[in-house]
Amino acid sequence: MGVSGIATATRLHAAGWTPVIVERSAERRRGGYFVGLFEAGLIAADRLGILSHLHDRNPYSLSYLVDRSGRNFRTFSMKDLPGRPWLMLRGDVEQATFAALPADVEVRYSTVPTSIVQDDDGVDVTLANSVTGQSVTERFDLVVGADGLRSTVRSLVFGPHKQYLHRLGYMVAAFEFPGTPAGLEPGVSVQLVEPDRAMWVFAFADHDPTIMISYRTDDVDAEFTYRAADRIREVFADQPLGATLSDVLDALDHAEHVLFDSAEQVHLNTWHQGRVLLLGDSAWSVTLYAGMGVSAGLIGADLLGELLERHPGDVPTALSEWEQGLRPYIEEYQAVGLKQRAFFVPDALRQIRVRRAMSVVTRFALGRRLLSKALEGAVEARTTDITAKALQRLRSSHPLPAARV
Ligand SMILES: Cc1cc2nc3c(=O)[nH]c(=O)nc-3n(C[C@H](O)[C@H](O)[C@H](O)COP(=O)(O)OP(=O)(O)OC[C@H]3O[C@@H](n4cnc5c(N)ncnc54)[C@H](O)[C@@H]3O)c2cc1C
């Protein structure tokens with residue numbers, strides 16, 4: 001029941017399949033952290049029937065670089081990045097995707113797969129319900145593992161996590177802030193960036209802001225032995241906090257839902273084996289630093305439906321063309337995730353000074369073009385209709401039936 005899973009079920013239903021969604025949690029997650037949905041994701045959302053359930057929560061995004069003493073400096077925002085993202089909460093996209101899900105799609109909560117065994121004609125999946133304690137084995141034509149970074153489908157079919165997870169050496173915490181942090185104006189986003197640590201306030205016009213904190217670590221395992229709020233206080237403890245950071249850390253102390261995790265990418269040589277496919281963070285986690293994880297899940301779902309429609313009765317061909325068409329774009333998002341990490345958490349003071357200089361330059365149209373140029377590798381992948389591009393790419397390598405998009 002993440003964005004990737006619900007979108008896939010919606011698209012496969014439209015292609016004539018009968019999807020069953022399996023979700024470990026007892027209910028759907030809500031709210032959460034800030035996400036930007038870039039043009040490529042907006043195009044996929046539109047085609048999946050999701051876009052009409054979404055709106056940009058911060059269309060006139062205003063952003064400042066701040067320091068602990070409260071000094072501030074107007075800077076460029078996410079809105080200035082190529083791909084003109086709509087800004088919202090992760091839960092908004094999930095809610096919108098759920099709204100587009102046909103009512104007759106079966107959803108099983110509190111359920112996890114415990115065994116996946118396949119042959120040429122189908123897949124036997126054992127599903128365990130954590131409430132009733134019952135297990136059943138059922139046969140499916142296709143299994144899509146859209147179960148996130150630490151995917152159970154991946155570990156059951158492809159092998160243990162450690163073979164595929166690549167830690168970036170950074171921790172991430174995210175939560176909703178009730179009201180407006182001290183020293184800030186409502187609706188204004190700020191970036192408090194220091195070498196190896198950063199605190200971002202993502203403001204919205206019609207919702208409380210969300211906070212994102214990220215910092216470098218040499219020992220990811222040790223990070224998980226702390227309570228998030230205590231560890232983060234320690235990370236920022238070497239200087240007086242200042243009003244805004246102090247208020248944010250107090251809120252973190254009392255926050256009900258805090259995401260606290262390490263930033264990790266997933267790298268696999270193939271995203272499918274027989275009739276089992278991985279899609280979304282389970283297959284390719286690009287990390288928050290790429291800003292494309294949600295979009296990639298929507299694009300993956302859209303293209304999958306398209307190719308299953310084009311190859312009725314031939315799942316293996318549909319899956320291998322899906323991967324062939326999609327992989328170049330996902331690899332680009334992963335590269336952006338690595339490159340753009342320093343935008344969110346700089347390594348050195350020098351980068352912060354460059355950002356200040358860029359902040360002045362990007363007040364002008366030419367400067368914004370320079371910023372786009374600096375991020376050039378990602379422009380096309382963020383802004384175009386990836387499904388159409390991927391189908392074009394496949395058509396040029398071998399003829400396909402006429403395109404529907
Ligand atoms: C702080 C932060 C900021 C981000 N910012 C952006 C952004 O600006 N733009 C962007 O596009 N992306 C952003 N991302 C990334 C984006 O949120 C993810 O890439 C995306 O949500 C992944 O969706 P998914 O559906 O593939 O996986 P998930 O959201 O992880 O969903 C997986 C689902 O599977 C369920 N599940 C897990 N295990 C099992 C199991 N064993 N059995 C059954 N169900 C199971 C989970 O409960 C969950 O419902 C950000 C991420 C973070 C953490």
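For ligands, and for the atoms within them, numbers begin at 1 and follow the listed sequence. Computed from a prediction, not measured in an experiment: that's the story for all the values here.
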Of the backbone atoms (N, CA, C, O) and the side-chain heavy atoms from C-beta on, which set of T111 has a member under 4.0 Å from an atom of ligand 1: side chain, backbone, both, or neither?
backbone
Flag, side chain of R57 to backbone of F204, donor-acceptor distance under 3.5 Å
no
Is E264 reaching over with its side chain to a backbone N or O of S285, donor-acceptor style, under 3.5 angstrom?
no
In ligand 1, the atoms that come under 4.0 Å of a heavy atom of S295 are 11 (O)
Side chain, backbone, both or neither: which applies to S4 and ligand 1 if a contact is any heavy-atom pair less than 4.0 Å apart?
both
Please could you name the atoms of ligand 1 that R29 approaches to less than 4.0 Å, counting only its heavy atoms?
28 (P), 29 (O), 31 (O), 48 (C), 49 (O)
Report the relative orientation of the aromatic rings in W200 and F344; use parallel for angles under 30°, tilted for 30 to 60°, perpendicular for over 60°.
tilted
Between ligand 1 and G297, can you find any atom pair, the residue atom being a heavy atom, that is separated by under 4.0 Å?
no
In this structure, which one of I116, V117, V143 forms a side-chain contact (heavy atoms from CB on, under 4.5 Å) with V157?
I116
I'd like to know if the side chain of T210 reaches the main chain of F34, judged simply by a donor and an acceptor atom lying under 3.5 Å from each other, with no hydrogens or angles considered.
yes
For atom 4 (C) of ligand 1, what's the nearest protein heavy atom and its distance?
L288 CB, 3.5 Å
Picking from L278, L326, L268, what satisfies side-chain contact (heavy atoms from CB on, under 4.5 Å) with W284?
L326
With a 4.0 Å cut-off on heavy atoms, is A290 touching ligand 1?
no
Numbered atoms and elements of ligand 1 in range of V112, under 4.0 angstrom, heavy atoms
40 (C), 41 (N), 42 (N)
